[in-house]
Amino acid sequence: MDWKTGQTRIMIDPKLLRQSAAEVAINLAKRGYVFDSAAYQALDERRKTLQVETQQLQSERNSSSKAIGQAKAKGEDIAPLLAAVDDLGERLAKNESALGELQQEIADIEYDLPNLLEDSVPEGRSEDDNVEIRKWGERTDFAFAVRDHIEIGESLGMLKFEAASKISGARFTVMNGALARLQRALIQFMLDTHTSEHGYEETYVPYLVHRHALVGTGQLPKFEEDLFKTDDETPFYLIPTAEVPVTNLARDTLFEADQLPQKFVAHTPCFRSEAGSYGQDTRGMIRQHQFEKVELVHFVAAGQSSAALEELTGHAELILQRLELAYRVVALCAGDVGFGSAKTYDIEVWLPGQEKYREISSCSTYNDYQARRMKARSRNPETGKPELIHTLNGSGVAAGRALIAVMENYQNEDGSIRVPKVLQTYMGGLEVIK
RNA sequence: GGAGAGGUGGCAGAGCGGUUGAAUGCACUGGUCUUGAAAACCAGCAAGGGUUAAUAGCCCUUCGUGGGUUCAAAUCCCACCCUCUCCGCCA
């Protein structure tokens with residue numbers, strides 16, 4: 001917290017933290033996060049004392065200065081007044097810097113706090129404890145030996161990992177011809193569906209962002225190692241998801257009540273360093289440094305976010321339904337919910353090549369966590385006072401993984417791929433890729 | 001890349017060392033007037049923090065961000081970020 005402005009950059013309501021530190025600790029413990037509420041409160045007590053003292057000195061300085069100004073205006077001798085404030089500045093500076101240090105100490109703790117979980121988040125420590133909410137569609141049944149997307153793509157000559165590694169090393173892909181077009185078709189289909197049927201506004205955003213944008217959405221300061229950045233003096237970061245630029249559209253904004261909700265959809269590439277995921281999904285297109293994604297973002301008034309999360313998740317699901325891909329929706333358990341999220345649904349699509357459901361979308365409500373960091377507010381029509389908005393986002397859906405799902409689920413015995421009905425118009429009427 | 005101008009309340013826009021947290025206009029809220037509405041007129045109207053039972057008072061902080069000068073900074077100095085104009089280069 002910045003003591004001068006009182007502005008906090010943490011994600012949990014600072015008042016709640018001070019008044020109900022123990023309750024906060026209980027909530028965070030569900031994630032497996034240990035928050036020493038007693039130590040925090042002790043620090044905060046010291047802060048209060050010091051702050052009152054400092055403000056008292058500031059008040060003295062202000063009234064003295066005012067008196068000097070008035071005396072000067074009347075042409076009186078100000079020398080005795082100046083003498084009276086002689087050491088005030090020094091005492092004040094001392095107090096201010098002590099308070100600043102203490103505030104920094106508190107801020108370091110606050111920065112490290114993940115968001116509060118909603119009550120409906122299931123308990124659990126790892127992804128094994130996630131709870132399946134619903135399933136849709138039949139897993140594809142094959143009368144022949146199933147191939148994974150790598151085999152299918154390489155034998156078609158349209159998916160080239162070696163070519164990519166010559167240029168950029170591991171975790172990149174080169175695609176050609178109908179397969180490259182199929183990914184574009186998926187993206188177009190998703191954008192069209194969300195804009196024309198779900199009321200989203202299509203948005204084009206920068207792929208390079210400044211640091212503060214990432215602090216706003218919560219990737220920073222904690223997850224620096226997951227991101228690519230330039231080595232400029234003021235570096236640009238490559239976006240790990242469109243969530244970052246799109247959500248930051250609400251930064252420093254005070255919405256009028258009738259301007260909400262707002263829904264945006266954007267297609268962007270996403271760049272992730274995938275540090276710490278060595279050995280995971282090293283083959284194929286599942287986990288890349290660069291992938292395409294269509295992202296959905298909602299800005300809603302406080303109190304509307306639970307309904308919005310269900311709505312947003314449904315929008316992502318419809319894409320898979322139209323593509324006739326089997327999937328399931330799981331509620332992430334407390335230990336698996338992301339740092340800034342209050343509640344998350346993952347949508348997992350059936351991949352025959354892996355004989356597994358794999359994540360293709362992650363839909364989260366952040367409640368006021370991101371809004372607090374971004375200073376995104378709306379005017380409460382009843383009180384006339386600004387209050388933090390709620391932000392949500394979800395993939396609708398990840399295009400690279402959707403491409404894998406189509407390749408594997410729509411494969412034929414001869415190695416060709418049928419084009420899903422809803423994509424054929426985007427493929428110039430093509431029905432089979434061979 | 002070079003040269004200049006600028007960043008002030010929800011918005012527009014004054015102020016350029018001292019009763020300025022900030023003129024004015026728009027928007028918004030309440031009132032007068034009106035059958036109702038509009039117009040006109042009157043009044044109110046920034047945010048965050050501390051203290052507190054309090055959304056009452058009182059106090060602190062905030063004029064892009066961070067430093068500095070000063071008894072005193074929106075106003076002066078430095079750095080950075082951002083915006084605009086012109087020149088160069090370029091898809």
Side-chain angles (χ1 to χ4, degrees), chain A residues 1-10 12-19 41 43-93 95-104 106-107 110 204 206-216 220 229-230 232-237 245 248-260 299 301 368 371-389:
Chain A
M1 177 159 52
D2 182 337
W3 70 270
K4 280 200 278 188
T5 61
Q7 293 281 349
T8 56
R9 292 161 295 181
I10 59 163
I12 293 178
D13 181 358
K15 272 194 184 129
L16 184 71
L17 201 51
R18 283 180 213 127
Q19 289 165 6
Q41 280 174 317
L43 274 179
D44 194 54
E45 282 305 315
R46 275 175 55 206
R47 188 215 92 237
K48 271 189 200 176
T49 311
L50 196 51
Q51 184 164 346
V52 169
E53 222 174 283
T54 305
Q55 290 188 350
Q56 179 59 39
L57 290 171
Q58 286 173 328
S59 180
E60 269 176 52
R61 179 204 56 198
N62 290 346
S63 51
S64 302
S65 292
K66 217 169 247 182
I68 292 170
Q70 283 167 342
K72 215 175 170 186
K74 288 186 209 149
E76 292 168 7
D77 180 19
I78 59 168
L81 289 169
L82 286 178
V85 292
D86 187 34
D87 68 329
L88 185 60
E90 202 177 321
R91 283 191 291 149
L92 182 55
N95 262 58
E96 283 180 344
S97 76
L99 180 57
E101 275 170 40
L102 187 54
Q103 294 282 25
Q104 188 55 52
I106 291 171
E110 292 173 337
Y204 174 81
Y207 304 156
L208 297 174
V209 299
H210 275 169
R211 185 181 170 81
H212 67 258
L214 288 146
V215 173
L220 291 179
K229 69 171 168 179
T230 67
D232 297 271
E233 197 180 327
T234 304
F236 284 113
Y237 289 77
N248 272 280
L249 291 172
R251 166 174 291 275
D252 292 326
T253 303
L254 178 50
F255 295 99
E256 293 304 324
D258 60 7
Q259 292 178 290
L260 297 178
F299 301 147
D368 62 10
R372 180 169 293 110
R373 297 176 151 229
M374 293 189 304
K375 214 177 147 211
R377 301 166 302 167
S378 68
R379 202 175 284 286
N380 182 317
E382 282 169 21
T383 62
K385 293 288 173 192
E387 56 187 31
L388 295 168
I389 65 166

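Below, each value reflects all heavy atoms present in this structure, side chains not excepted, and no hydrogens, waters or symmetry copies. Chain letters run A, B, ... following the sequence lines, proteins first and then strands; every chain starts at 1.
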Inset, instruction - Would you check if the distance from the ring center of His210(A) to the ring center of Phe236(A) is below 6.0 Å? - result: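 Aromatic pair counts; centres sit under 6.0 Å.
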Using a cut-off of 4.0 Å on non-hydrogen atoms, how would the nucleic acid contact of [X] be classed: base, sugar-phosphate, or nothing?
| X | answer |
| --- | --- |
| Arg211(A) | nothing |
| Leu254(A) | sugar-phosphate |
| Lys72(A) | base |
| His212(A) | nothing |

Phosphate OP1/OP2 of [N]: any [X] side-chain N/O under 4.0 Å:
| X | N | result |
| --- | --- | --- |
| Asn62(A) | rU61(B) | yes |
| Thr234(A) | rC80(B) | no |
| Arg61(A) | rU61(B) | yes |
| Lys48(A) | rU51(B) | yes |

Inset, instruction - Check the distance between rG18(B)'s P and Ile78(A)'s CD1 and give it to me in whole angstrom. - result: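 To the nearest whole Å, that distance equals 14 Å.
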Inset, instruction - Figure out the CG/P separation between Leu57(A) and rG50(B), and round it to whole Å. - result: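 Going from CG in Leu57(A) over to P in rG50(B) covers 19 Å.
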Legend entry - P-based separation of rA37(B) from rG44(B) [nearest Å]: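 Rounded to whole Å, the distance is 24 Å.
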My understanding is that a pair needs two contacts under 3.5 Å, Watson-Crick or G-U wobble. By that rule, which nucleotide pairs with [N]?
| N | value |
| --- | --- |
| rG1(B) | rC87(B) |
| rG57(B) | rU51(B) |
| rC80(B) | rG64(B) |

Legend entry - Base rG18(B) to side chain Lys66(A), donor-acceptor N/O within 3.5 Å cut-off: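 There is none.
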